[in-house]
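Here's the structure, in structure tokens; my notes come after.
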Amino acid sequence: MNHSPLNIRLSRLSCLLLLAVSASHAFAASEEIQVYMDEMNAPGAFGLDIHSNYVARGNRTPDYPGAQAPGKVFRLTPELSVGLTPTLDLGAYLLTSVGPGGMTSIDGEKLRLKFIAPKAAEQAYFWGANLEVGRVAHRLDENSWNAQLKGIIGYRTARWTMAANPNIDWKISGPVAGPAMLGMDSKLAYKTDAGYEVGAESYNGFGQIKHLGHLNQQSQTLFGVIDTDIHGWDVNLGVGRGLTPASDRWVLKAIVSVPLKSL
């Protein structure tokens with residue numbers, strides 16, 4: 001474990017960010033802003049990830065009657081997961097938020113099943129897929145039941161990590177027509193001599209699969225991120241900048257992975 005002064009400062013920074021986000025009483029953006037890679041729980045082992053994000057500056061106008069506008073909204077999403085086999089991992093999310101007026105709400109639940117193909121210990125590349133199904137409140141989506149299929153492709157060396165997640169989102173049930181949407185999330189990170197990683201994450205919407213294009217009308221957000229290990233807890237911190245008029249302008253995010261013992 002690296003206990004350098006820089007790692008201690010990063011520990012303090014993560015705590016300050018989480019406290020600042022909580023104190024602001026505002027939730028927003030997607031419930032999890034994360035690029036999926038090849039991390040898996042061992043069979044029978046449990047994990048707990050705490051996803052949080054805050055749209056410091058974003059759209060304050062609802063997209064439809066009863067919708068929650070993302071600006072000045074804070075989201076906190078605990079994710080409990082368990083390893084089923086060496087290649088399958090099951091997870092469950094509880095979506096919660098705090099709006100600009102300070103109202104706390106439970107926004108829905110989701111289940112996911114993650115698959116990572118078997119690979120040798122020295123193998124640099126990895127691939128897999130993640131299927132997610134969930135029910136959300138009307139304030140998040142006009143259609144209550146939705147699904148997402150996420151591809152997972154990556155390459156890791158001693159210094160560099162590269163990963164991409166092509167995403168297909170579609171409606172399962174609800175009153176509003178919901179065409180399938182395509183997106184792409186990606187990550188590039190470099191491991192420093194101090195042991196932590198610095199890099200960039202990109203989250204991009206491409207629009208309807210049948211009518212791709214007009215990227216300036218879709219959400220495009222670029223994050224500067226730091227990944228580190230703090231006493232066995234993995235921490236991902238990021239500051240995001242929206243690149244199009246359809247994007248939230250500034251977003252803060254934090255993911256804290258709490259290791260849990262096997263039952």
Side-chain angles (χ1 to χ4, degrees), residues 2 4 6-7 9-14 16-18 20-21 28-39 49-59 70 74-75 77 79 114 116 124-128 130 148 150-169 181-207 215-230 233-257:
N2 188 339
S4 68
L6 179 57
N7 219 32
R9 289 196 295 271
L10 288 172
S11 175
R12 293 172 179 170
L13 176 61
S14 67
L16 287 173
L17 176 59
L18 290 172
V21 169
S30 174
E31 66 275 359
E32 55 163 341
I33 304 176
Q34 177 184 20
V35 176
Y36 275 47
M37 294 190 287
D38 60 342
E39 293 88 353
D49 289 348
I50 307 298
H51 303 263
S52 62
N53 64 72
Y54 172 57
V55 174
R57 183 180 175 188
N59 182 19
F74 172 76
R75 298 197 185 284
T77 305
E79 173 196 359
K114 181 180 179 182
I116 296 295
Y125 68 89
F126 56 87
W127 67 273
N130 184 79
Q148 181 189 73
K150 182 188 298 287
I152 302 171
I153 307 167
Y155 187 86
R156 182 185 287 109
T157 66
R159 288 288 191 181
W160 291 96
T161 298
M162 295 171 281
N165 298 156
N167 306 312
I168 299 176
D169 295 85
M181 309 290 285
L182 180 65
M184 176 70 76
D185 306 332
S186 60
K187 182 183 183 80
L188 176 64
Y190 175 78
K191 188 172 184 179
T192 67
D193 291 335
Y196 64 91
E197 294 184 354
V198 293
E201 295 177 2
S202 180
Y203 299 87
N204 305 287
F206 295 152
L215 298 185
N216 63 327
Q217 299 177 12
Q218 307 296 328
S219 178
Q220 316 285 334
T221 306
L222 181 64
F223 281 81
V225 297
I226 295 176
D227 292 274
T228 190
D229 177 285
I230 302 174
W233 294 34
D234 292 329
V235 177
N236 168 268
L237 302 174
V239 177
R241 166 74 171 179
L243 304 178
T244 65
S247 310
D248 293 316
R249 183 59 62 187
W250 290 105
V251 184
L252 307 178
K253 72 156 184 153
I255 305 173
V256 179
S257 298

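Because only heavy atoms are used, hydrogens play no part in the values below, and waters and symmetry mates are left out as well, while side chains stay in.
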I want to check something: taking the side chain as every heavy atom from C-beta on, are Thr244 and Leu215 in contact at a cut-off of under 4.5 Å? no

According to side-chain contact (heavy atoms from CB on, under 4.5 Å), who are the partners of Thr221, at least two apart in sequence or on a separate chain? Ser219, Phe223, Ser247

Taking all non-hydrogen atoms of both residues into account, name the closest pair between Val55 and Pro70 and its distance. CB-O, 3.4 Å

So the salt bridge (Lys or Arg N to Asp or Glu O under 4.0 Å) pairs with at least one residue in residues 194-207 (sequence neighbours excluded) are Lys187-Glu201, Glu201-Lys253

If we only count heavy atoms from C-beta on, is the Leu182 to Ile168 side-chain gap below 4.5 Å? yes

In chain order, what residues pass the ring-ring contact (aromatic ring centres under 6.0 Å, His included) check against Trp160, with sequence neighbours excluded? Tyr190

Who passes side chain to side chain donor-acceptor pair (under 3.5 Å) against Ser202, sequence neighbours left out? Asn204

If we only count heavy atoms from C-beta on, is the Glu32 to Thr77 side-chain gap below 4.5 Å? no

The reported gap from CG in Asn165 to CG in Asp185 (rounded to nearest 0.5 angstrom) is 5.5 Å

In Å, rounded to the nearest 0.5 Å, how long is the span from NZ of Lys114 to CG of Asn130? 7.0 Å

Are the side chains of Leu243 and Arg241 in touch, meaning some heavy atoms are under 4.5 Å apart? yes

Could you tell me if the side chain of Met37 sits less than 4.5 Å from the side chain of Thr161, heavy atoms only? yes

CG-OH distance between Leu222 and Tyr203, expressed to the nearest 0.5 angstrom: 10.5 Å

Residues which pass side-chain contact (heavy atoms from CB on, under 4.5 Å) with Tyr125, listed by chain and number, not counting sequence neighbours: Gln123, Tyr155

Sequence-distant partners of Phe206, ring-ring contact (aromatic ring centres under 6.0 Å, His included), two or more places apart: none

Under the side chain to side chain donor-acceptor pair (under 3.5 Å) rule, collect the residues that match up with Asp49, sequence neighbours excluded. Ser257

Mind checking salt bridge (Lys or Arg N to Asp or Glu O under 4.0 Å) for Lys191 and listing every partner two or more places apart, or none if nothing turns up? none

Could you pull out all residues at least two apart from Arg159 that satisfy side chain to side chain donor-acceptor pair (under 3.5 Å)? Asp193

Roughly how far apart are Gln34 CD and Ile255 CD1, rounded to 0.5 Å? 4.5 Å

In Å and rounded to the nearest 0.5 Å, what is the CD to NE2 distance from Glu31 to His51? 9.0 Å

Is the backbone N or O of Leu252 less than 3.5 Å from a side-chain atom of Asn53, with the two atoms forming a donor-acceptor pair by type? no

Kindly write out the residues that satisfy ring-ring contact (aromatic ring centres under 6.0 Å, His included) with Tyr36, not counting sequence neighbours, or none if the list is empty. none

Mind checking what makes side chain to side chain donor-acceptor pair (under 3.5 Å) contact with Asp38, not counting sequence neighbours? Lys119, Arg156

Any donor-acceptor N/O pair, Thr228 side chain to Val235 backbone, under 3.5 Å: no

Taking the side chain as C-beta and beyond, is there a heavy-atom pair between Asp234 and Glu39 under 4.5 Å? no

